[in-house]
Amino acid sequence: MVLVEEKKGHLIPNGNAHQGVNGTLNGGPISAVTGTISAAEKKQGFPERETWTRQMDFIMSCVGFAVGLGNVWRFPYLCYKNGGGVFLIPYVLFIFLGGIPIFFLEIALGQFMKAGSINVWNIAPLFKGLGYASMVIVFFCNTYYIMVLAWGFYYFIKSFNSTLPWSTCDNPWNTENCIETFQLANGRSPIIEFWENKVLNISDGLDEPGVINWELMLCLMAVWVMVYFCVWKGVKSTGKIVYVTATFPYVVLIILLVRGVTLPGAYDGIMYYVKPDWSKLGEAQVWIDAGTQIFFSYAIGLGALTALGSYNRFNNDCYKDAFVLAFINSGTSFFSGFVVFSILGFMASEQGVDISKVAESGPGLAFIAYPKAVSMMPVAPVWAALFFIMLLLLGLDSQFVGVEGFVTGILDLFPGKYYMRYQREIAVAICCLLCFIIDLSMVTQGGMYVFQLFDYYSASGMTLLWQAFWECVVVAWVYGADRFMDDIARMIGYRPFPWIKWCWSFITPCVCMGIFLFHLLNYKPLTYNNVYVYPWWGEVIGWCLALSSMLCIPVSLVYKLAGAKGTFRERWEYLTKPVWGAHHLEYMAPDTDIKSLASLSPGTEENKVIIFESVM
């Protein structure tokens with residue numbers, strides 16, 4: 001006989017039996033209340049899931065993934081544009097109302113289910129479309145994001161010249177309009193001509209792909225080879241590499257800050273960055289920018305955080321980790337602003353113009369404004385090389401952890417009986433090769449237009465917000481927020497602060513849907529440099545990219561409900577039963593101290609004992 005107590009729908013061990021925690025026990029033909037567990041694979045001798053060698057590997061991998069190019073080139077620009085220091089008020093508010101709750105949710109889900117972005121939704125199988133949606137998003141993200149690294153690598157190589165090629169007008173790609181002084185009438189800066197005429201060799205539109213830039217293609221190939229060898233052996237190797245790729249950019253940022261603040265005009269640049277403009281708090285766009293930046297910079301909705309969490313020990317304190325990682329992420333964003341604006345202040349001072357004339361965001365900052373500023377410094381090639389190696393490493397760990405998340409999700413779809421030697425290495429190779437083939441369209445003369453299509457639609461704010469909204473709804477309302485809080489308590493030994501549950505249930509979904517609707521209602525057709533307007537068929541392709549992930553959720557839900565039998569209520573109950581893994585039997589120790597995990601009054605209807613028969 002096996003005695004199991006049920007508290008608030010959870011099965012809790014009473015004696016020396018295993019527990020199924022809201023699930024069916026399969027240690028023999030044992031039946032329980034809801035869900036299924038299969039420990040068959042455990043007995044077959046298949047390789048167990050990898051875990052991090054040490055917990056710091058996980059922290060560094062999350063830092064490497066979430067802290068990326070957006071922290072350096074997007075946040076500082078948003079901060080100066082939206083009222084300087086005042087922008088931190090909505091930014092910090094959204095950290096606690098949206099960023100940390102969903103960041104923690106994704107890591108905790110991965111750790112609890114020990115699965116990647118698809119199988120983690122075995123917690124509510126009807127909504128497995130969430131996993132497929134995140135796989136589509138991260139695949140698109142892996143495909144186009146690496147182009148920034150290819151451009152950075154190209155600039156890095158070109159930095160090894162005594163005279164930087166983007167600092168003069170006497171190169172083959174320069175036109176007669178090239179002028180080395182700042183933006184004279186009908187004049188073009190040499191850095192802009194280097195970027196558009198040499199690096200991109202840009203055509204007149206999306207309908208003119210032109211020829212492949214072979215130098216850029218070789219840089220792209222080199223970066224993909226680096227990504228492959230960072231990921232091919234799994235978390236054991238990834239966990240070591242991130243110590244370099246995640247920490248070295250901080251060393252470079254500090255060096256660049258020390259250099260930046262010693263330059264003339266640096267103080268004016270920094271004051272321009274942080275000086276508060278209180279009137280901005282009344283503008284809706286400021287709040288929308290703050291919320292959107294949180295979802296971008298915290299890498300939410302991509303499934304990679306879930307994959308990283310799945311390699312944690314079952315009892316790892318992921319609640320504490322979430323706060324530490326949020327602090328590092330947002331702190332890096334704010335710190336980067338001082339680096340960027342000290343340099344931009346120097347650039348504006350040298351050219352005698354207002355800082356607003358040189359402030360840029362995105363690739364414009366990385367490949368136009370900053371290289372221009374660097375070219376004005378003494379020993380310019382050294383500072384250029386430092387900046388671009390930082391850019392490369394900042395993006396490289398985000399890239400290979402994204403690939404890791406995608407490959408983890410794919411491999412989790414194949415049960416242990418399909419295990420074969422070198423399956424990870426083969427899966428990573430196929431993923432990298434497929435992305436590289438798609439990337440070839442972005443190293444043509446029309447490649448920038450293709451890149452912007454992917455960037456604007458496939459992993460845009462709307463797709464990530466849609467994903468985050470449904471994650472909260474499914475965990476809080478389908479599986480149950482209290483139920484998941486109990487599961488977390490079983491992992492970490494205590495219940496997180498109740499505001500996390502309130503955020504999952506009410507606040508965060510409302511924030512996500514509010515910003516989502518704002519983006520939808522204020523949608524503007526995509527343009528390049530505010531001049532070239534994409535053709536109608538280009539926008540159709542863009543919306544297909546966006547909807548390919550967003551429709552995964554409703555289409556999968558309708559398909560599963562339609563394929564099931566019985567009344568709607570019976571189908572719903574059957575399809576929302578969690579499917580547990582073998583590790584739940586192993587880790588849910590029978591001597592768990594339940595008093596600290598659930599507050600139930602003894603003798604109440606909620607606290608009853610159920611007896612199961614076992615033939616084990």
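Numbers here simply count residues along the sequence, with the first being 1.
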Next on the checklist: Measuring from atom CZ of F327 to atom OG1 of T332, what distance do you get when rounded to the nearest 0.5 angstrom?
Outcome noted: 9.0 Å
Checklist outcome for this item: Scanning both residues in full, the closest heavy-atom pair of S333 with F75 reads O-CD2, 3.3 Å
Next on the checklist: R569 vs E573, test: salt bridge (charged side-chain N to carboxylate O under 4.0 Å, His left out). Steps then yes/no.
Outcome noted: CA-CA 6 Å; R569 183 185 181 87; E573 289 181 354; 3.4 Å; yes
Next on the checklist: Using 30° and 60° as the class boundaries, would you call the ring planes of F58 and W52 parallel, tilted or perpendicular?
Outcome noted: tilted
Item to check | Spacing of F516 atom CZ and T292 atom OG1 [to the nearest 0.5 Å] | outcome: 12.0 Å
Checklist entry - Just wondering, do L130 and V474 contact through their side chains at under 4.5 Å, heavy atoms? => result yes
Item to check | Separation of M513 CE from T508 OG1 (nearest 0.5 Å) | outcome: 12.5 Å
Checklist outcome for this item: Taking every heavy atom of A459 against every heavy atom of I137, the minimum-distance pair comes out as CB-CG2, 4.1 Å
Item to check | Backbone of A546 reached by a side-chain donor or acceptor of S549 within 3.5 Å | outcome: yes
Checklist entry - Mind checking whether Y298 and I102 have side chains closer than 4.5 Å, heavy atoms only? => result no
Checklist entry - Distance-only, no hydrogens or angles: does the S548 side chain make a donor-acceptor pair with backbone N or O of L545 under 3.5 Å? => result yes
Next on the checklist: Using side chain to side chain contact (heavy atoms under 4.5 Å, CB included), reason through I300 and L464 one step at a time and then give a plain yes or no.
Outcome noted: CA-CA 7 Å; I300 288 166; L464 298 179; over 6 Å; no
Checklist entry - Looking only at heavy atoms, which two atoms of A246 and V63 are closest? And how far apart? => result CB-CG1, 4.4 Å
Next on the checklist: Could you check whether any side-chain heavy atom of V136 comes within less than 4.5 Å of a side-chain heavy atom of C552, counting everything from C-beta outward?
Outcome noted: yes
Next on the checklist: Quick one: does any side-chain atom of W466 pair with a main-chain N or O of L551 as donor and acceptor, under 3.5 Å?
Outcome noted: no
Item to check | Residues, nucleotides or ligands: over 12 heavy atoms within 6.0 Å of F323 CZ | outcome: yes
Checklist entry - Looking at Y574, is R571 sitting on its ring face, NZ or CZ under 6.0 Å from the six-membered ring centre and within 45 degrees of the normal? => result no
Item to check | Nearest heavy atoms of L393 and P249, plus distance in Å | outcome: CB-CG, 3.9 Å
Item to check | Heavy-atom side-chain proximity of C512 to W470 below 4.5 angstrom | outcome: no
Next on the checklist: Could you check whether S458 and Y144, counting side-chain N and O atoms only, form a donor-acceptor pair closer than 3.5 Å?
Outcome noted: no
Checklist entry - Given the rule in the side chain to side chain contact (heavy atoms under 4.5 Å, CB included) test, do W232 and F229 qualify, once you have shown the distances and angles that lead to the verdict? => result CA-CA 5 Å; W232 71 320; F229 286 109; 3.8 Å; yes
Checklist outcome for this item: Rounded to the nearest 0.5 angstrom, the CG-CD distance for L308 and Q111 is 12.0 Å
Item to check | Check: N122 side chain, N119 main-chain N or O, donor-acceptor pair, under 3.5 Å | outcome: yes
Checklist entry - Would you call the rings of F139 and F406 parallel, tilted or perpendicular, where under 30° means parallel and over 60° means perpendicular? => result tilted
Item to check | Step-by-step side chain to side chain donor-acceptor pair (under 3.5 Å) determination, Y311 to N316 | outcome: CA-CA 10 Å; Y311 297 117; N316 172 61; over 6 Å; no
Next on the checklist: Centre-to-centre under 6.0 Å for F451 and W151, is that the case here?
Outcome noted: yes
Next on the checklist: Less than 3.5 Å apart, any donor N or O on the side chain of E404 or T408 sitting next to an acceptor on the other?
Outcome noted: yes
Checklist entry - Parallel, tilted or perpendicular for W572 and F127, by the 30°/60° rule? => result perpendicular
Checklist entry - Under 3.5 Å, is there a donor-acceptor pair between the Q55 and N312 side chains? => result yes
Next on the checklist: If the threshold is 4.0 Å, N to carboxylate O, is there a salt bridge linking R54 and D57?
Outcome noted: yes
Next on the checklist: Assess the residue pair T306 and I107 against the criterion (side chain to side chain contact (heavy atoms under 4.5 Å, CB included)); give the C-alpha distance rounded to whole Å, side-chain angles, the decisive distance to 0.1 Å, and a yes or no.
Outcome noted: CA-CA 5 Å; T306 305; I107 292 174; over 6 Å; no
Next on the checklist: Measuring centre to centre across the rings, with the benzene-like ring taken for any Trp, is W543 within less than 6.0 Å of Y456?
Outcome noted: no
Next on the checklist: Taking the six-membered ring for Trp, are W121 and Y132 closer than 6.0 Å centroid to centroid?
Outcome noted: no
Next on the checklist: Quick one, E570 with K565, criterion salt bridge (charged side-chain N to carboxylate O under 4.0 Å, His left out). Give me CA distance, side-chain angles, the key distance, then yes/no.
Outcome noted: CA-CA 8 Å; E570 290 170 339; K565 297 178 181 178; over 6 Å; no
Next on the checklist: I need the minimum non-hydrogen distance between M113 and I123, along with the two atoms involved.
Outcome noted: CE-N, 3.7 Å
Checklist entry - Does K320 offer a backbone N or O that forms a donor-acceptor pair with the side chain of D317 under 3.5 Å? => result yes
Item to check | Sub-6.0 Å ring centroid separation between Y145 and F140 | outcome: no
Checklist entry - With a 4.5 Å heavy-atom cut-off, do F112 and I488 have their side chains touching? => result no
Next on the checklist: Using modelled atom types and a 3.5 Å cut-off, is there a donor and acceptor pairing between side-chain atoms of N71 and backbone atoms of N329?
Outcome noted: yes
Checklist entry - Hey, does the side chain of S398 reach the backbone of G64 with a donor-acceptor pair shorter than 3.5 angstrom? => result yes
Next on the checklist: Applying side chain to side chain contact (heavy atoms under 4.5 Å, CB included) to D487 and M491, what does each step give before you reach the verdict?
Outcome noted: CA-CA 7 Å; D487 295 332; M491 291 194 297; 5.9 Å; no
Next on the checklist: Ignoring hydrogens, what is the shortest heavy-atom contact between K501 and A481? Give both atom names and the distance.
Outcome noted: CG-CB, 3.5 Å
Checklist entry - When rounded to the nearest 0.5 angstrom, what distance separates SG in C318 from CD in E106? => result 12.5 Å
Checklist entry - Looking at CZ of F400 and OG1 of T245, how far apart are the two atoms once the value is rounded to the nearest 0.5 Å? => result 4.0 Å
Checklist entry - With a 4.5 Å heavy-atom cut-off, do T576 and P125 have their side chains touching? => result no
Next on the checklist: If you define the side chain from C-beta out and look only at heavy atoms, does anything of V403 sit under 4.5 Å from W224?
Outcome noted: yes
Item to check | Main-chain N/O of K114 paired to S310 side chain as donor or acceptor, under 3.5 Å | outcome: no
Checklist entry - If we only count heavy atoms from C-beta on, is the S134 to L302 side-chain gap below 4.5 Å? => result no
Item to check | Side-chain donor/acceptor of W504 to backbone N/O of P101, under 3.5 Å | outcome: yes
Item to check | Backbone of F497 reached by a side-chain donor or acceptor of Y319 within 3.5 Å | outcome: yes
